[in-house]
Amino acid sequence: MLDIKIFREQPDETRRRLATRGRGDETRVTEVLEQDELRRKLIATVEALKAERNRISKEVGIRKAQKLSADDLFAKIKSIPEEIALLDAKLTEVDASRDALLLTLPNLPHESVPEGDESANRVERSWGEKPVFPEGFTPLPHWELAEKLGILDLGRATKVSGSGFVVFKGAGARLERVLVQYLLDIHTREHGYTEINTPFVVRRECMVGTGQLPKFEEDMYGIRDDELFLIPTSEVSVTNLHRDELLRHDELPIRYAAYSPCFRREAGSAGKDTRGMIRVHQFDKVELVHIVRAEDSYATLETLVGHAERILQDLGLHYRVLCLSTGDMGFTAAKCYDIEVWAPGLGTWLEVSSCSNCEDFQARRMNLRYKDKDGKNVPCHTLNGSGTALARLFIALVETYQRPDGSIHLPEKLRPYFGSDIIPPLPSV
RNA sequence: GGACGAGUGGCAGAGUGGUCUAAUGCGUCUGACUUGAAAUCAGAUGUGCUCUCACGGGCACCGUGGGUUCGAAUCCUACCUCGUCCGCCA
């Protein structure tokens, strides 16, 4: 949630920065200001009435204690509670609509973010090379490899859960499992994260806290009877661990690495990437979450991307880092880097990590603050990044390390985890 | 799922309709004493909103939401969370 003060103090600048997202949000600024003004007028009126009521009521108490009559005071106060109730009701209404509006406005993009739509995304750097395969060999997409190797069962996944779900099998299931362990080990042992394992279902207010709700409810799986939601990323459950907290200066930064499955309805992307497991309703991910002091968040963002990149480098996967444009960034991000890994079988880049600095946008929504050096209570800055998303990392691994004989030769770092260096093809039928 | 009990400031804990402006203790901070520290003494110490150029006011907050009342931490009500016991269960 944006700070109401920036609307009051810099309305034009706020309009300009919202406009760069290209969603028309800048047209709501006037509405925010009108509601804010109405709200403050109501507060002034109702609080004056309450002050008077309190004064008179206290006087009643004093008179009673002295066994004196207070009838003249009752006459004076008669209509006040009614007026207060009326105004309070009105104020509740105005508060609710102001909040409802503020909760649907996205974060303001940082000045360093390129302006424009998707085509304005800036390639910051790339690492490695596209893998070279023997003359005459065309690398296969993962769904064909999966069939040869027996590592995924896409058809039966559909039988139990519908389209967009995956069953890992045999060496595939083992690879998925050891990847989780590998990722957590690197981040906790070498990057200083605290491993954390949270529930995969959360309450509504958590989804509001990290910004999935109220705007994107159609993309979320909900459990209606209990008003709970399946997390679309552990960013939700992990960041919200500290909702409604006031942290000491020396408690920051907080750094968590969390494994969780992620559940996404992908309501807006029906028909896109339907083949294989590029876009699925459930996937595993190791998420990195930082809660930091305001002045540290941009340096932290660079560190965070570095941690995700390190994984791909160690696994020898070709990737590039994009700085997303104002129009392509997520709702909560002020600045966001995507990491895309090359999938030679598909012949495309796959997004395996998205590292965002949300500044104080989420912290305001979840009332997460810290005492700064001067003892002032200010919102924390929150960051999150995938380190990394697994289904697509799996795809990139098998497509990159496939051999013409149908086998997969795993990169060295994974071998001790996996327990062997090769996934052999099934005996041909 | 059932029964009973409990939720008060950073922590402990009093307060059961009216100067509650929430006692008291611990903790923390500042000062005094001290070569320094401890001990002791004195003072300070919540959050949010709002008005004001400022000084300084006002309002709200005792788990959460409703309600009763001129007035609610206190009474009523629903819910949430925690505890204890019972039942069920991987």
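In what follows, chains are A, B, ... by sequence order, proteins preceding strands, each numbered from 1.
- Nucleotides B:C62 and B:G7 place their P atoms 14 Å apart, quoted to the nearest Å.
- Nucleotides B:U30 and B:G15 have their C1' atoms positioned 31 Å apart, rounded to a whole Å.
- In this structure, B:C70 forms a base pair with B:G18, meeting either the Watson-Crick or the G-U wobble geometry with both donor-acceptor distances under 3.5 Å.
- Using a 30° and 60° split on the angle between ring planes, A:H191 and A:Y193 fall in the perpendicular class, above 60°.
- Straight-line distance from the NZ atom of A:K5 to the C1' atom of B:C49: 10 Å, rounded to whole Å.
- Applying the 4.0 Å criterion to OP1 and OP2 of B:U64, one finds that A:R203 has every side-chain N and O outside that range.
- No donor-acceptor pair under 3.5 Å is formed between the side chain of A:T198 and the backbone N or O of A:S237.
- Scanning both residues, A:E287 and A:S386, for their nearest heavy atoms gives OE1-CA, 3.5 Å.
- In this structure, A:E52 and A:N367 both approach RNA chain B, and ranking their closest nucleotides by distance from the 5' end singles out A:N367.
- Nucleotide B:C85 forms a Watson-Crick or G-U wobble pair with B:G2, both donor-acceptor distances falling under 3.5 Å.
- Remark on RNA chain B: of its neighbouring residues A:N377 and A:K58, the 5'-side contact belongs to A:K58, judged by nearest-heavy-atom nucleotide.
- Rounded to whole Å, the P atom of B:C29 lies 34 Å from the corresponding atom of B:U19.
- For A:R55 and B:G57, the shortest distance from a side-chain N or O to OP1 or OP2 is not below 4.0 Å.
- Atom CG in A:L68 sits about 14 Å away from atom C1' in B:G18, given to the nearest Å.
- Nearest to the side chain of A:R369, among B:G58, B:C80, B:G48, sits B:G48.
- Put simply, A:R39 has a side-chain N or O that comes within less than 4.0 Å of OP1 or OP2 on B:U50.
- Between A:L247 atom CG and B:G46 atom P there is a gap of 19 Å when expressed in whole angstrom units.
- Pairing for B:A90 is absent, judged as Watson-Crick or G-U wobble with the two contacts each under 3.5 Å.
- Side-chain contact of A:D284 with A:Y259: a donor-acceptor pair under 3.5 Å is present, judged by distance alone.
- For an aromatic pair to be called close, the ring centres must be under 6.0 Å apart, and A:H242 with A:Y370 fails this.
- Following rounding to the nearest Å, A:E47 (CD) and B:C61 (P) show an atom-to-atom distance of 11 Å.
- For the pair A:L246 CG and B:G9 C1', the interatomic distance rounds to 13 Å; values are reported in whole Å.
- OP1 or OP2 of B:G46 has not a single side-chain nitrogen or oxygen of A:K371 nearer than 4.0 Å.
- Phosphate contact (OP1/OP2 of B:G18, side-chain N/O of A:N54, threshold under 4.0 Å): absent.
- Across the strands present, B:G25 finds its partner in B:C11; the criterion is a Watson-Crick or G-U wobble pair with both atom distances under 3.5 angstrom.
- Checked options A:Q10, A:R16, A:R15; the residue passing with A:D12 is A:R15 (criterion: side chain to side chain donor-acceptor pair (under 3.5 Å)).
- The distance from atom CG of A:D95 to atom C1' of B:A60 is 12 Å, rounded to the nearest whole Å.
- Of the candidate nucleotides B:U47, B:G18, B:C59, B:G18 has the atom nearest to the side chain of A:V60.
- Minimum heavy-atom separation, A:M1 to A:R364: O-CD, 3.0 Å.
- To the nearest whole angstrom, the two P atoms, one in B:C41 and one in B:U52, are 46 Å apart.
- As a whole-Å value, the separation of A:E37 CD from B:U50 P is 13 Å.
- Look at B:U77: its Watson-Crick or wobble partner, with both distances under 3.5 angstrom, is B:G65.
- Closest contact between the side chain of A:I43 and the listed nucleotides B:G48, B:U50, B:A60 involves B:U50.
- Pair check for B:A60 finds B:U47; Watson-Crick or G-U wobble, both atom distances under 3.5 Å.
- Under the Watson-Crick and G-U wobble criteria, each requiring two contacts below 3.5 Å, nucleotide B:A54 is left unpaired.
- Among the nucleotides B:C59, B:U47, B:U50, the one closest to any side-chain atom of A:K50 is B:C59.
- Using a 4.0 Å heavy-atom distance criterion, A:R98 is classed as making no nucleic acid contact.
- Across all strands shown, nothing is found opposite B:A37 as a Watson-Crick or G-U wobble partner with both distances under 3.5 Å.
- Within 4.0 Å (heavy atoms only), A:A51 reaches sugar-phosphate atoms of the nucleic acid but no base atom.
- Contact check, A:R40 against B:C51: a side-chain N or O comes under 4.0 Å of OP1 or OP2.
- Atoms CE (A:M1) and P (B:G48) sit 14 Å apart, rounded to a whole Å.
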